[in-house]
Amino acid sequence: MSDRPEVPDEEEFLETPPSAAELEAAGQSSMFGAPADPPAAPPPPPAPPPQAPASTVEAAQPYRVLARKYRPQTFSELIGQEPMVRTLANAIERDRLAHAFLMTGVRGVGKTSTARLIAKALNCVGPDGQGGPTIDPCGKCEPCVAIAEGRHIDVIEMDAASHTGVDDVREIIEAVRYAAVSARYKIYIIDEVHMLSRNAFNALLKTLEEPPAHVKFLFATTEVDKLPVTVLSRTQRFDLRRIPTPMLQQHFASICRQEGVEAEAEALHMIASAAEGSVRDGLSILDQAIAHADLDTDGKVTAERVRDMLGLADKSARRRLFGALLEGDPQTMLAEVDRQYSLGVEPLALLRTLMDVVHRVAVTQVGGAGADAPTQEERQAIEEWADRLSAGQVHRLWQLLLKGHDEVRGAPDPLVSAQMALLRVLHAADMPDPGTLAKQLGELAASGVGTGGNGGSAPGTAPVAKVDWAELCETVDRAGMLRVAGVMRDWIRVIELAPGQLTFAPAPGFSDDPSPELRDALLKATGQRWLVERVEGEGTPTLREQAEAAKATEAERIRNTPLVEAAFAAFPDAEIVEEAEASGRAGGPGGEKNWSRA
């Protein structure tokens, strides 16, 4: 009889494995002999914890932002891109699929989502596994599910911002030679493709031009201008549009209903306007607005809370500042500038906001676009200013603010420069536009009333001064500028002449521009500055031309007198000779005067 403790059979041991306590007792017995007391029975296993309800399990999942949760999974959910969807549907229906597609557009309009949808459409096999490429992928087959979850082995998505070199492109070139593992097409989605280096683009060109039949390239970029022309010519380009504000508002309202969130229409309109055509930007703002909503109002997204969140509350201060400019109230205007500056608004940003108001007013005047304003108060104010201001005043305000913006950007003290620029705008707000001013001057000229010689007198105080060109030439001659006076007499055809202003056209044969010399000569002769302008056209004949015309008229009159006609009848070869010419032919001053020769 052996001293070894009795060990259970192997089969029994395998059927009922011993507990930890039994194993420990067996080890003790083999080393130190059988224990005096048998081991105590093992305690019963603890009861399993109660299973958490399904709602608690779902709540434990990490929160997904709205921009990811509501990413379009079908082309019908892709809003605002109907032309592109129609083109792709026709290409799939007619089996005219390009080998490379390029999606461009601003951020958040669905470029990457569209690339994934195209990958689904090309690789969908239908619920029964017998389908082909379709514009309406089922979303239930294995390729659709795998692509949606980002785990399909034949749909390779690459971020060109982090894979910019030739080596990354070389991996693609090596891999395209192999057929797809399980899908119909091997698809490469390259996001932000404009970040590839020039050498990487050059390495990809040949493969992009003639890829294997089982390979499709899908490119997405926000800066299409940075892509080489050689790449653009090898792709089929789709320009994704900005989403209109009304369409964004409807989309956000639908999402709020799905989320069980109540939102005011004006709040959604402000969010859609702030999104600037980007669905992703708008969903991010909507996510923030839902989190920003007060709990005491059951989480309702109100226009007031959205206005505070987006900083639109200062739009009223902007309207007050613009109103002060139009009313010509410098004290209120400067107080508003100081208040905005104390709140942290930079002077340059202040001028940009005023330029935005002027732009909205101008657009409202021509197209009635005031409804695009974020709030009802701003819409009313813009429409009122559009009715009150003329087009010339609006454009002058824009030019003045634009000039002030450039001055503030380069000024050593931006605040002082902004104040001076706005004071200039304020003082020029009531000035007539050039068209109105020209009309007023025309009416004054027609009535024979001018503005006076000093230029600052009120209309009707003095008649328009007259300037005689011949006397002006004599004045320049007496001032010692004989050559300029000769040019004035012989080559200047006056078009317009007024005190301090000369508009002329040169006579034929004179190619130089005498404007600088005329300006200096008139300043020295008259003591005042002259605005001298050379134009093309017909003006008053020069003094020399007038003298020659008068001379020819006088000669014709003498030729037609009866006595001279009789003399010419008797002597047909006779000719009329001037007195000076006759004196010279007679041998000097002592010769005969006024004689004719046959």
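Scope of the values below: all heavy atoms of this structure, side chains included, with no hydrogens, waters or symmetry mates. As the structure is a computational prediction, the values presented were derived from the model and not from experiment. The first residue in the sequence is number 1, and the count goes up from there.
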Short N-O contact, Glu545 and Lys551, less than 4.0 angstrom: no
Is a side-chain donor or acceptor of Thr164 paired with a backbone partner of Ala161 at a separation under 3.5 angstrom? no
I'd like to know if the side chain of His427 and the backbone of Leu423 have a donor-acceptor N/O pair within less than 3.5 Å. yes
Check Val224, Val231, Leu218 against Leu102 for a side chain to side chain contact (heavy atoms under 4.5 Å, CB included) and give me the one that passes. Val224
Any donor-acceptor N/O pair, Glu471 side chain to Asp468 backbone, under 3.5 Å: no
Apply salt bridge (Lys or Arg N to Asp or Glu O under 4.0 Å) to Glu407 and Arg424, showing your working. CA-CA 12 Å; Glu407 293 174 353; Arg424 182 172 64 227; 3.1 Å; yes
Could you tell me whether Arg241 and Asp239 have a side-chain N and a carboxylate O separated by less than 4.0 Å? no
Hey, is the main chain of Ala411 close enough, under 3.5 Å, to the side chain of Ser417 for a donor-acceptor pair? no
Atom pair OG1/CZ of Thr104 and Phe238 - distance to nearest 0.5 Å: 10.5 Å
Report, as yes or no, whether the 6.0 Å neighbourhood of atom CZ on Arg198 holds more than 12 heavy atoms from other residues, nucleotides or ligands. no
Before you tell me yes or no, could you show the steps for Glu383 and Arg379 under salt bridge (Lys or Arg N to Asp or Glu O under 4.0 Å), namely the whole-Å CA-CA distance, both residues' side-chain angles and the distance that decides it to 0.1 Å? CA-CA 6 Å; Glu383 290 172 357; Arg379 285 195 292 272; over 6 Å; no
Less than 4.5 Å apart, side chain to side chain, heavy atoms only: is that true for Gln528 and Leu523? no
Test: Glu82 and Arg86 ion pair at under 4.0 Å: no
To the nearest 0.5 Å, what is the distance between CD (Glu556) and CD1 (Ile558)? 10.5 Å
Any side-chain donor paired with an acceptor under 3.5 Å for Ser197 and Asn199? no
NZ/NE/NH1/NH2 to OD/OE distance under 4.0 Å, Arg339 and Glu336: yes
Could you measure the distance from the CG atom of Leu248 to the CG atom of Leu268? Nearest 0.5 Å is fine. 10.5 Å
If you measure only the distance, is there a donor-acceptor pair under 3.5 Å linking the side chains of Asp387 and Gln365? no
SB check Arg360 Asp356 (cutoff 4.0 Å): yes
Which is it for Arg107 and Glu276 under the salt bridge (Lys or Arg N to Asp or Glu O under 4.0 Å) test, yes or no, and what are the steps along the way? CA-CA 10 Å; Arg107 80 272 174 215; Glu276 297 180 350; 3.6 Å; yes
Check the surroundings of atom CZ in Arg493: do more than 12 heavy atoms from other residues, nucleotides or ligands lie under 6.0 Å from it? yes
Output yes when a side-chain donor or acceptor of Thr364 lies under 3.5 Å from a complementary backbone atom of Ala386, and no otherwise. no
Considering residues, nucleotides and ligands other than Met420, do more than 12 of their heavy atoms fall under 6.0 Å from its CE? no
Does CZ belonging to Arg483 count more than 12 external heavy atoms closer than 6.0 Å? no
Would you find a donor on one side and an acceptor on the other, under 3.5 Å apart, between the side chain of Arg237 and the backbone of Phe101? no
Aromatic Trp469 / basic Arg489 pairing, under 6.0 angstrom, 45° off normal: no
Quick check: does any side chain N or O of His99 sit under 3.5 Å from a backbone N or O of Leu208, one acting as donor and the other as acceptor? yes
Hey, is Lys403 close enough to Asp406 for a salt bridge, meaning N to O under 4.0 Å? no
If we ignore angles and hydrogens, is there a donor and acceptor under 3.5 Å between the side chains of Asp490 and Thr542? no
Taking Asp512 for the side chain and Pro514 for the main chain, is one N or O donor matched with an acceptor at less than 3.5 Å? no
Aromatic plane relationship, Trp398 with His359 - under 30° parallel, 30 to 60° tilted, over 60° perpendicular: tilted
Between the CZ atom in Arg534 and the CG atom in Asp513, the distance rounded to the nearest 0.5 Å is 5.0 Å
Is the side chain of Ser233 donor-acceptor paired with the backbone N or O of Thr230 at a distance under 3.5 Å, no angle test? yes
Are the side chain of Gln501 and the backbone N or O of Leu531 linked by a donor-acceptor pair below 3.5 Å? no
Distance from His395 atom NE2 to Leu389 atom CG, nearest 0.5 Å? 11.5 Å
Quick one: CG on Leu402 to CE on Met355, what's the gap to the nearest 0.5 Å? 4.5 Å
